[in-house]
Amino acid sequence: MEQPDKADIGSDGRTALRLSKWLTLVVVLGSLVLFAVLARPLWTGTLYIEDDLGAFHLPIRHFYAERLRAGESFLWNPDLGLGMYIHGEGQGGMCHPLHLLLYRFLPLDRAFTLELLLNYPLLFVSFYLLMRRWRLCRSAALFGAMMLAFGGFYLSSYMHMHIVAIMAHAPWLLFFMDIATRSRVPRLATLASLGIVIATASQLLLGYPQAVYVSLIIEGLYLVHLRRDLRAGRFGSICGAKLLGAMIACIQLVPTWDLVATSLRAEPTEAFRVSGSLHPVNLVQLVAPCLLDRARIGGPALYAGSAATVLVCLLMVKRFRAGRANRLVPWLAMLAIVGLVLSLGRYGVVYGWISRLPLIRHLRAPDRHVPIFHLAWVSLAAASFHGLTQAKGKMRWRELWPVGLAPLAAAVVSGTFLALRSYADASPWVVQTNSVVRVTGGVVLMFIAAGLVVGAARGHRWMLPLLVAFTALDLGAYGLRHKPTESLAQFVASVDVPENVGPYRITTDTRPMYLCNGPTMKGYRVVPGYVALRPARHLSYFTDETPLRLAGVRFIQTRYGATKALAEAAEQGVKWLEIPNPMPRARLVTHAVVSDTPNRDISTCDIESAALVDRPVDLDAGEAGSARVTRDDPGEIRVTTASPGRQLLVLTEAYDDDWHVAVDGTPVSALPVYGDFLGCVVESGEHEIQCVFRPRSFALGKRITLLGIALTISAFAFLWFGTRPARQLLFLIS
């Protein structure tokens with residue numbers, strides 16, 4: 001393990017040690033303050049609800065928590081769309097051990113807030129350990145951890161908490177890979193490989209494969225960097241550990257792939273794949289953080305503090321050295337370029353080819369590669385800060401000219417944008433420039449950071465604690481603004497729903513999206529709902545009244561820009577337009593018409609007495625019998641029927657190949673009706689029909705997960721007891 005910093009800092013041991021302690025204290029205090037501000041919902045009894053937090057994550061976790069407490073299955077959610085395989089959708093991470101504990105035993109608002117907040121200390125600690133593994137001094141490692149956790153991507157994208165959670169595993173994985181690759185102690189390498197298994201499984205169980213793919217890019221490039229240090233057999237051990245982690249996560253992976261194959265993403269267009277590309281103009285954030293109005297331009301932030309930009313410029317000074325981390329600088333620079341090029345998507349040329357590859361072609365939003373750039377950028381800044389703390393003597397003024405590039409670029413870019421803003425034909429990006437005061441403030445920040453770095457390089461080491469405190473204030477002012485909170489009761493009360501809906505569904509407006517799924521928290525079922533992996537459907541449920549009637553929709557929210565009827569109702573102040581005669585939850589029909597194109601044939605079908613099916617079905621003519629729902633739980637529906645002849649039972653629940661139907665306990669075939677709805681044939685007389693959703697992909701994934709756990713225990717027990725005892729386990733964090 002690296003010895004205390006007093007041996008590494010300057011020529012005067014006591015002065016250097018005092019400076020190191022001050023730097024450590026200021027970084028720790030600054031990080032604690034930033035986290036305390038971020039964690040304010042914990043002591044105010046509120047929760048964050050911005051964007052996807054309130055639109056998607058909170059309603060999904062409300063459903064999840066209710067099912068856990070009731071001891072019911074959370075695999076199928078009947079409240080979204082026509083019902084869907086919500087566990088396969090994945091973003092709830094419903095089989096992750098942490099989520100199972102949080103949402104089973106804590107109130108929803110506390111569990112939700114803790115799930116979000118825990119990502120930041122875990123990210124901070126993991127990056128600190130990685131920096132120490134790279135032989136950066138304690139204060140530089142802490143400074144880098146503060147910039148990574150509370151700057152750039154991670155605070156600006158906090159509403160995508162599942163992405164933040166997955167990327168928080170990346171430094172842990174690099175840390176474990178470094179030990180597994182270079183450690184001379186076999187048992188330490190074994191422990192590190194076990195860490196790789198656990199971290200990989202945890203990532204995948206969180207249920208967002210795109211972020212895992214981004215992490216894999218970082219891991220793969222790091223192994224390339226470590227190629228000269230790879231000991232015999234270590235590369236195979238790392239690959240085996242990743243494979244075991246993937247096996248343990250198959251309880252999530254297999255269902256997600258199952259849903260992808262039947263979702264709208266099964267055959268994505270090129271426009272879909274490159275949507276969400278980072279526009280090159282966003283690069284001005286690195287020197288002018290307050291220039292553009294982020295509320296309007298969207299996309300993740302690149303800004304990790306003005307000090308980070310200035311410190312990276314300092315690495316351009318020829319005589320400046322980042323100490324033991326100097327070897328990392330070329331690799332980190334390459335990593336930053338890779339992350340930036342991939343984030344640019346359609347503007348970076350390369351991603352257009354990459355997005356056509358298998359698996360990757362199902363992904364969108366290339367700007368989610370920004371964490372690659374962010375990790376590299378902050379690491380470069382931390383290495384530069386390490387060099388400042390270790391520097392002896394003064395640097396000459398003429399050597400420090402690269403430091404002036406950052407404030408100079410900030411002044412030139414900001415001045416140009418402000419000068420062009422008044423022109424009518426200016427680019428939309430120029431028009432979206434912030435106020436002169438805010439833009440000028442951003443330039444001032446860059447000049448202050450440059451001044452503090454130059455002063456420290458000139459031998460005024462007392463400026464380093466000031467630089468740390470300034471960075472903490474800078475990150476807090478940039479990243480912690482405009483993060484709205486509400487109590488759970490306030491949020492639920494703010495969701496607008498109609499009255500007297502009964503057992504029927506409603507169709508909410510998708511604009512604003514943040515209230516699209518909210519009615520499910522009040523016990524309503526919505527069509528179409530807001531999910532990432534939207535199941536492919538045969539019928540259109542956005543504006544066509546007949547499919548909405550089939551889905552049992554009673555009210556549709558009015559809005560401008562939709563159908564004429566909805567727009568006229570909105571102009572008259574009507575919020576909800578009633579759909580005439582929606583179909584009941586369960587009904588019997590006596591006539592079936594074979595159709596391969598239900599979306600076309602539905603307009604000529606009398607849906608009250610006839611059904612469209614994909615195969616011939618023999619039914620008895622006559623009066624339709626009765627159907628009564630006796631149980632309607634997620635993934636299980638029971639209906640009692642009474643009919644004078646052989647008839648077709650039709651439910652307003654989505655058809656899926658994994659629905660299992662039994663009539664009086666005898667299995668029968670489930671049928672897709674109108675292409676999208678669940679049905680089955682029932683004979684004359686009285687019967688009890690039970691429909692249970694038992695996905696084969698979940699059962700298969702569960703078996704592979706259990707096998708992966710067994711193999712992991714066996715393999716690591718063999719490796720542990722088959723190696724010599726470790727002399728010093730503290731090497732793990734050295």
Side-chain angles (χ1 to χ4, degrees), residues 41 45-70 74 76-84 86 89-94 99 103 107-113 115-116 158-162 482-535 541-542 548 551-562 566 569-570 574-579 634 654:
T46 58
L47 38 75
Y48 289 113
I49 45 84
E50 184 181 4
D51 200 75
D52 272 10
L53 290 175
F56 177 82
H57 294 292
L58 184 58
I60 294 297
R61 282 155 179 78
H62 174 268
F63 167 82
Y64 176 56
E66 291 292 314
R67 302 288 75 74
L68 286 177
R69 294 191 183 98
F74 50 72
W76 181 270
N77 187 340
D79 301 335
L80 294 175
L82 312 174
M84 68 170 294
I86 194 64
E89 205 276 346
Q91 294 183 75
M94 295 179 178
H99 292 191
Y103 291 96
L108 175 62
D109 53 351
R110 293 295 180 186
F112 188 73
T113 299
E115 182 192 347
L116 186 151
Y158 82 118
M159 70 285 294
H160 305 302
M161 61 180 183
H162 55 314
H482 309 308
K483 286 182 165 44
T485 61
E486 284 184 8
S487 69
L488 181 60
Q490 287 175 322
F491 178 79
V492 174
S494 68
V495 178
D496 183 29
V497 291
E499 298 179 355
N500 302 319
V501 175
Y504 298 98
R505 290 189 170 97
I506 62 174
T507 296
T508 55
D509 191 358
T510 56
R511 295 167 295 176
M513 186 66 79
Y514 67 86
L515 290 180
C516 189
N517 292 350
T520 64
M521 300 179 69
K522 286 187 170 183
Y524 289 72
R525 293 177 175 176
V526 300
V527 176
Y530 172 38
V531 292
L533 291 179
R534 188 184 301 280
Y541 300 91
F542 288 93
L548 292 176
V553 173
R554 186 166 185 175
F555 290 96
I556 181 170
Q557 196 168 17
T558 61
R559 62 182 182 271
Y560 297 102
L566 290 177
V574 178
K575 290 185 177 180
W576 295 93
L577 196 64
E578 188 168 2
I579 301 294

For side-chain contact (heavy atoms from CB on, under 4.5 Å), just list the numbers for Phe112 and Met161, CA-CA rounded to whole Å, side-chain angles, deciding distance to a tenth of an Å, and then say yes or no.
CA-CA 10 Å; Phe112 188 73; Met161 61 180 183; 3.3 Å; yes

Go through Glu115 and Arg61 one step at a time and tell me if the salt bridge (Lys or Arg N to Asp or Glu O under 4.0 Å) criterion holds.
CA-CA 11 Å; Glu115 182 192 347; Arg61 282 155 179 78; 2.7 Å; yes

Check against side-chain contact (heavy atoms from CB on, under 4.5 Å), Leu548 and Tyr541
CA-CA 6 Å; Leu548 292 176; Tyr541 300 91; 4.1 Å; yes

Passes side-chain contact (heavy atoms from CB on, under 4.5 Å), Glu89 versus Leu533? Steps please.
CA-CA 6 Å; Glu89 205 276 346; Leu533 291 179; 4.1 Å; yes

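For the residue pair Asn77 and Tyr64, no side-chain donor N or O sits within less than 3.5 Å of a side-chain acceptor on the partner.
Considering only heavy atoms from C-beta on, Leu488 stays 4.5 Å or farther from His62 through its side chain. In this structure, His160 and Asp51 have side chains that are in contact, with non-hydrogen atoms separated by less than 4.5 Å. Between Val531 and Phe56 there is a side-chain heavy-atom pair separated by less than 4.5 Å. Annotation: side chain of Thr520 is in contact with side chain of Val526 (closest heavy-atom distance under 4.5 Å). With contacts defined as side-chain heavy-atom distances shorter than 4.5 Å, the pair Phe555/Val501 qualifies. Side-chain contact check for Ile579 versus Arg554: every heavy-atom pair is 4.5 Å or farther apart. Taking 4.5 Å as the limit, some side-chain heavy atom of Trp576 sits within range of a side-chain heavy atom of Asp496. Inter-residue side-chain proximity for Met94 and Ile60 is flagged as met; some heavy-atom pair is nearer than 4.5 Å.
Rounded to the nearest 0.5 angstrom, Thr113 OG1 and Tyr48 OH are separated by 8.5 Å. His162 NE2 to Leu116 CG: the interatomic distance, rounded to the nearest 0.5 Å, is 11.5 Å. Annotation: the span from Glu578 atom CD to Asn500 atom CG amounts to 9.0 Å, rounded to 0.5 Å. For the atom pair Ile49 CD1 and Ser494 OG, the distance stands at 7.5 Å (nearest 0.5 Å). Rounding to the nearest 0.5 Å places OG1 of Thr507 at 9.5 Å from CG of Leu566.
The closest donor-acceptor contact from the side chain of Glu66 to the backbone of Phe63 lies at 3.5 Å or more, if one exists at all. Checking side-chain atoms of His99 against main-chain N and O of Gly92 turns up a donor-acceptor pair under 3.5 Å. Listed for the Arg505 side chain is a donor-acceptor partner under 3.5 Å among the backbone atoms of Ala551.
Looking at every heavy atom in both residues, Thr508 comes nearest to Pro519 through CG2-CG, 3.7 Å. The two atoms that bring Thr558 and Ala569 nearest to each other are CG2-CB, 3.5 Å, heavy atoms only. Of all the heavy atoms in Arg534 and Gly529, the pair that sits closest is NH1-O, 2.9 Å. Smallest separation of non-hydrogen atoms from Val527 and Gly81: CG2-O, 3.4 Å. Of all non-hydrogen atoms in Val492 and Lys522, the two that sit nearest each other are O-CE, 2.8 Å. Of all non-hydrogen atoms in Arg110 and Gly45, the two that sit nearest each other are NH2-CA, 4.2 Å.
With Tyr158 as the aromatic partner, Lys483 meets the cation-pi criteria of under 6.0 angstrom to the ring centre and within 45 degrees of the ring axis.
Just one of Leu108, Leu58, Leu53 meets the side chain to side chain contact (heavy atoms under 4.5 Å, CB included) condition when paired with Leu47; it is Leu58. Under the side chain to side chain contact (heavy atoms under 4.5 Å, CB included) test applied with Pro498, the options Ile556, Ile506, Leu577 reduce to a single match, Ile506.
The number of heavy atoms from other shown groups lying within 6.0 Å of NZ (Lys575) does not exceed 12.
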